[in-house]
S.K.: 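Below is a structure I'd like to ask you about.
Computation of the quantities below employed the complete heavy-atom set of this structure, encompassing side-chain atoms and omitting hydrogens, waters and symmetry-equivalent molecules.
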Amino acid sequence: MLFLSSTGMPNMIRAIVNVTVLSIFGHGLLHAQSPSVATTPLPSADAADVGMSPDALRKVDAAMQESIDQNRIPGGIVMIARHGKVVMHKAYGKMDLEADKPMKPDTIVRIYSMSKAITTAAALMLYEDGKLDVDDPVSKYLPELKSVMVAADGETHPAKQTMTIADLMRHTAGYTYGRSGNSLHDEAFKELDMLQRDDSLEAMQTKLAKLPLVFEPGTDWQYGISIDVLGRVIEVVSGETLGDFLHKRIFDPLEMKDTDFFVPADKVDRFAANYNTDGKGKLTLGDAASESPYLTSPEFESGGGGLVSTAEDYMRFLLMIAAGGEFNGTRLLSPETVALMTTNQVPESVGWIKFGKEARGGVGFGFGFSVRESMSDWDPDGRVGEYGWGGAASTHYWVSPKDNLVVITIEQIMPYQWLTEFKLKGLIYDAIVQ
């Protein structure tokens, strides 16, 4: 994901588009596909039965239709759960304007950086298995990082701080997406072609020693490729490909049947087109569903941004997290580990997270999610304790533990825009009546 405002960091958004999106997908061996089977339905309830006003929630319909009428989005999906039960799962507008196909609740979309929390959860399963520790040096698993360099003041020097697994999980490792403004780092990122579509994660690992960090590990916060590096750690520790590990430990137990690094042929009719926006009502096709790189299995399985999914699949993952690591009678994580994900893990000296000049007052980062610790002028409709993130195509999600609320909003618009989350968040919170 790129969880950025449309006015905050457009260059970083372009980095996701030009580097992650277009360069990580290529030809590769297909994952073995499970036979199509019916999944266990998610629990559902009438809004009034879980303390939400049906009349107030109808304002969500009007808000989504307004965005469609203004040509800000071609279509979208909103899914809301309270007390573990789904109270809204609606589709609006079109998933493909050129083909005149309506958006549907089970439409498959590019979730980009919504992949990150899933990959982090997978690594924490290995932590619970006793196979790695969050305080371990990353170099314990990736020896290339024993002598990592830091780029500062126009030159590089050996890092004085040790990069840990925790640094990868909370984005304090010193990696970026190659548009940091640090010329030594950015030039190396480009020359090394860090997210090359035909590379495996193993091949990426061999390049890491040549990529200088933009700061000493643990001393600052910067969004970047750290979760892709974490994906490679998962492969080394588990002895499996990242995709196979995710299927076995997360997708299959949660019945996330539409989540993968590619869209198989029998599901292409449910795959949405992706659009570019000028932010003023002009939409242009960016990635046609019928010709997308996502139709082939990638060699590079990007744990940081490569997954496709549906609103329902991702809701299954979030309901597991919201329930303290358990879903439908199956425990995937312990409550103590989930607490590491949903509370701020960034050192106090680092402060709140930021993208360039955009500081998000009161917002820290756990192992996988941003976490709201205090209120500020940034996202004033948020709630203390809220955690979430999003994806570069303007997909969003947030969870409010004190309200027992989980919300997912889906669209396929680039560059990233806050439009839907900021437009709906206050309406949805106002719909809570008890």
S.K.: Does His89 reach the main-chain N or O of Pro105 with its side chain, forming a donor-acceptor pair under 3.5 Å?
M.R.: yes

S.K.: Please step through salt bridge (charged side-chain N to carboxylate O under 4.0 Å, His left out) for the pair Asp129 and Arg249, ending with a clear verdict.
M.R.: CA-CA 12 Å; Asp129 291 344; Arg249 298 294 296 270; 3.1 Å; yes

S.K.: Quickly, which of Phe369, Tyr177, Phe355, Tyr223 forms a ring pair (Phe, Tyr, Trp, His ring centres under 6.0 Å) with His171? Name it, please.
M.R.: Tyr223

S.K.: Output yes when a side-chain donor or acceptor of Gln205 lies under 3.5 Å from a complementary backbone atom of Leu142, and no otherwise.
M.R.: no

S.K.: Run the side chain to side chain contact (heavy atoms under 4.5 Å, CB included) test on Met194 and Tyr175 for me, step by step, so that the C-alpha distance in whole Å, both residues' side-chain angles and the decisive distance to 0.1 Å come before the verdict.
M.R.: CA-CA 11 Å; Met194 287 305 302; Tyr175 289 120; over 6 Å; no

S.K.: Look only at the side chain of Gln412 and the backbone of Arg110, and say whether a donor-acceptor pair between them is shorter than 3.5 Å.
M.R.: yes

S.K.: Could you go step by step and tell me if Thr420 and His396 meet the side-chain hydrogen bond (donor to acceptor under 3.5 Å, both in side chains) rule?
M.R.: CA-CA 8 Å; Thr420 301; His396 321 263; 4.6 Å; no

S.K.: I'd like to know if the side chain of Thr395 and the backbone of Ile410 have a donor-acceptor N/O pair within less than 3.5 Å.
M.R.: no

S.K.: Can a donor-acceptor pair be found between the side chains of Asp106 and Thr310 at a distance below 3.5 Å?
M.R.: no

S.K.: Look at the side chain of Lys116 and the backbone N and O of Ile227, then say whether any donor-acceptor pair between them is shorter than 3.5 Å.
M.R.: no

S.K.: Strictly distance-based, threshold 3.5 Å: is any side-chain N or O of Arg383 a donor or acceptor partner for the main-chain N or O of Ser400?
M.R.: no

S.K.: Can you spot which of Trp398, Trp378, Tyr387 makes a side chain to side chain contact (heavy atoms under 4.5 Å, CB included) with Arg372?
M.R.: Trp378

S.K.: Verify the distance criterion only: is there a donor paired with an acceptor across the side chains of Tyr141 and Asp136 at less than 3.5 Å?
M.R.: yes

S.K.: For the pair Lys425 and Glu386, find out whether any cationic side-chain nitrogen is under 4.0 Å from an anionic carboxylate oxygen.
M.R.: yes

S.K.: Taking the side chain as C-beta and beyond, is there a heavy-atom pair between Leu126 and Phe245 under 4.5 Å?
M.R.: yes

S.K.: For Leu124 and Val134, run side chain to side chain contact (heavy atoms under 4.5 Å, CB included): C-alpha distance rounded to whole Å, both residues' side-chain angles, the deciding distance at 0.1 Å, then the answer.
M.R.: CA-CA 8 Å; Leu124 288 168; Val134 296; 4.1 Å; yes

S.K.: Going from CG on Leu332 to OG1 on Thr337, what distance comes out if it is rounded to the nearest 0.5 angstrom?
M.R.: 11.5 Å

S.K.: Give a yes or no on whether the ring-centroid distance for Phe215 and Trp221 is below 6.0 angstrom.
M.R.: no

S.K.: Please walk me through it: do Tyr314 and Thr259 pass side chain to side chain contact (heavy atoms under 4.5 Å, CB included)?
M.R.: CA-CA 8 Å; Tyr314 211 85; Thr259 305; over 6 Å; no

S.K.: Does Leu333 form a side chain to side chain contact (heavy atoms under 4.5 Å, CB included) with Ile321? I'd like the steps, not just the answer.
M.R.: CA-CA 8 Å; Leu333 291 166; Ile321 296 294; 4.3 Å; yes

S.K.: Donor-acceptor pair, Glu301 side chain versus Gly243 backbone, under 3.5 Å?
M.R.: yes

S.K.: What pair of heavy atoms forms the shortest contact from Ala311 to Ile77, and how long is it?
M.R.: CB-CG2, 4.0 Å

S.K.: What distance separates Arg316 CZ from Leu318 CG, expressed to the nearest 0.5 Å?
M.R.: 12.5 Å

S.K.: Do Asn276 and Pro415 have side-chain heavy atoms sitting under 4.5 Å apart?
M.R.: no

S.K.: Determine the minimum heavy-atom distance between Asp228 and Gly305, stating which atoms define it.
M.R.: OD1-N, 4.5 Å

S.K.: Side chains of Tyr92 and Ile73, heavy atoms from C-beta outward: is any pair under 4.5 Å?
M.R.: no

S.K.: Begin from the C-alpha positions of Ser334 and Glu128 and carry the test side-chain hydrogen bond (donor to acceptor under 3.5 Å, both in side chains) through to its verdict.
M.R.: CA-CA 8 Å; Ser334 70; Glu128 291 194 346; 2.7 Å; yes

S.K.: Flag yes if more than 12 heavy atoms outside Phe327 fall under 6.0 Å of its CZ atom; otherwise flag no.
M.R.: yes

S.K.: Taking all atoms of both residues into account, what is the closest heavy-atom pair of Asn344 and Gly364, and its distance?
M.R.: OD1-CA, 3.4 Å

S.K.: Check this for me: does any side-chain nitrogen of one of Arg170 and Asp167 sit under 4.0 Å from a carboxylate oxygen of the other?
M.R.: yes

S.K.: Sub-3.5 Å donor-acceptor pair from the side chain of Thr296 to the main-chain atoms of Pro293, do we have one?
M.R.: yes

S.K.: Rounded to the nearest 0.5 Å, what's the gap from CD1 on Ile428 to CD1 on Ile80? Could you check?
M.R.: 4.0 Å

S.K.: Closest approach of Lys257 and Asp313, non-hydrogen atoms and distance?
M.R.: N-OD2, 3.3 Å

S.K.: Looking at Lys160 and Glu216, what are the two nearest heavy atoms and their distance?
M.R.: N-OE1, 2.8 Å

S.K.: Run the ring-centre check on Tyr416 versus Trp418 and record whether the distance is less than 6.0 Å.
M.R.: yes

S.K.: Look at the side chain of Asp186 and the backbone N and O of Gly181, then say whether any donor-acceptor pair between them is shorter than 3.5 Å.
M.R.: yes

S.K.: What's the spacing between Leu405 CG and Tyr429 OH if we round to 0.5 Å?
M.R.: 6.0 Å

S.K.: Check whether any side-chain heavy atom of Ile108 sits under 4.5 Å from a side-chain heavy atom of Tyr294, and report yes or no.
M.R.: no

S.K.: Looking at CG of Leu145 and CG of Leu168, how far apart are the two atoms once the value is rounded to the nearest 0.5 Å?
M.R.: 8.0 Å

S.K.: Show your working on salt bridge (charged side-chain N to carboxylate O under 4.0 Å, His left out) between Asp135 and Lys140 and close with a plain yes or no.
M.R.: CA-CA 11 Å; Asp135 294 323; Lys140 178 177 178 180; over 6 Å; no

S.K.: Walk me through whether Lys85 and Asp49 qualify under salt bridge (charged side-chain N to carboxylate O under 4.0 Å, His left out).
M.R.: CA-CA 10 Å; Lys85 297 180 179 180; Asp49 293 338; over 6 Å; no

S.K.: Looking at Val263 and Val308, what are the two nearest heavy atoms and their distance?
M.R.: CG2-CG2, 4.0 Å

S.K.: Measuring from atom CD of Gln434 to atom CE of Met52, what distance do you get when rounded to the nearest 0.5 angstrom?
M.R.: 11.5 Å

S.K.: Could you check whether any side-chain N or O of Lys207 sits under 3.5 Å from a backbone N or O of Asp193, counting only pairs where one atom can act as donor and the other as acceptor?
M.R.: yes

S.K.: Starting from the C-alpha separation in whole Å, work towards a yes-or-no answer on salt bridge (charged side-chain N to carboxylate O under 4.0 Å, His left out) for Arg232 and Glu235.
M.R.: CA-CA 5 Å; Arg232 176 56 186 160; Glu235 291 191 334; 3.0 Å; yes

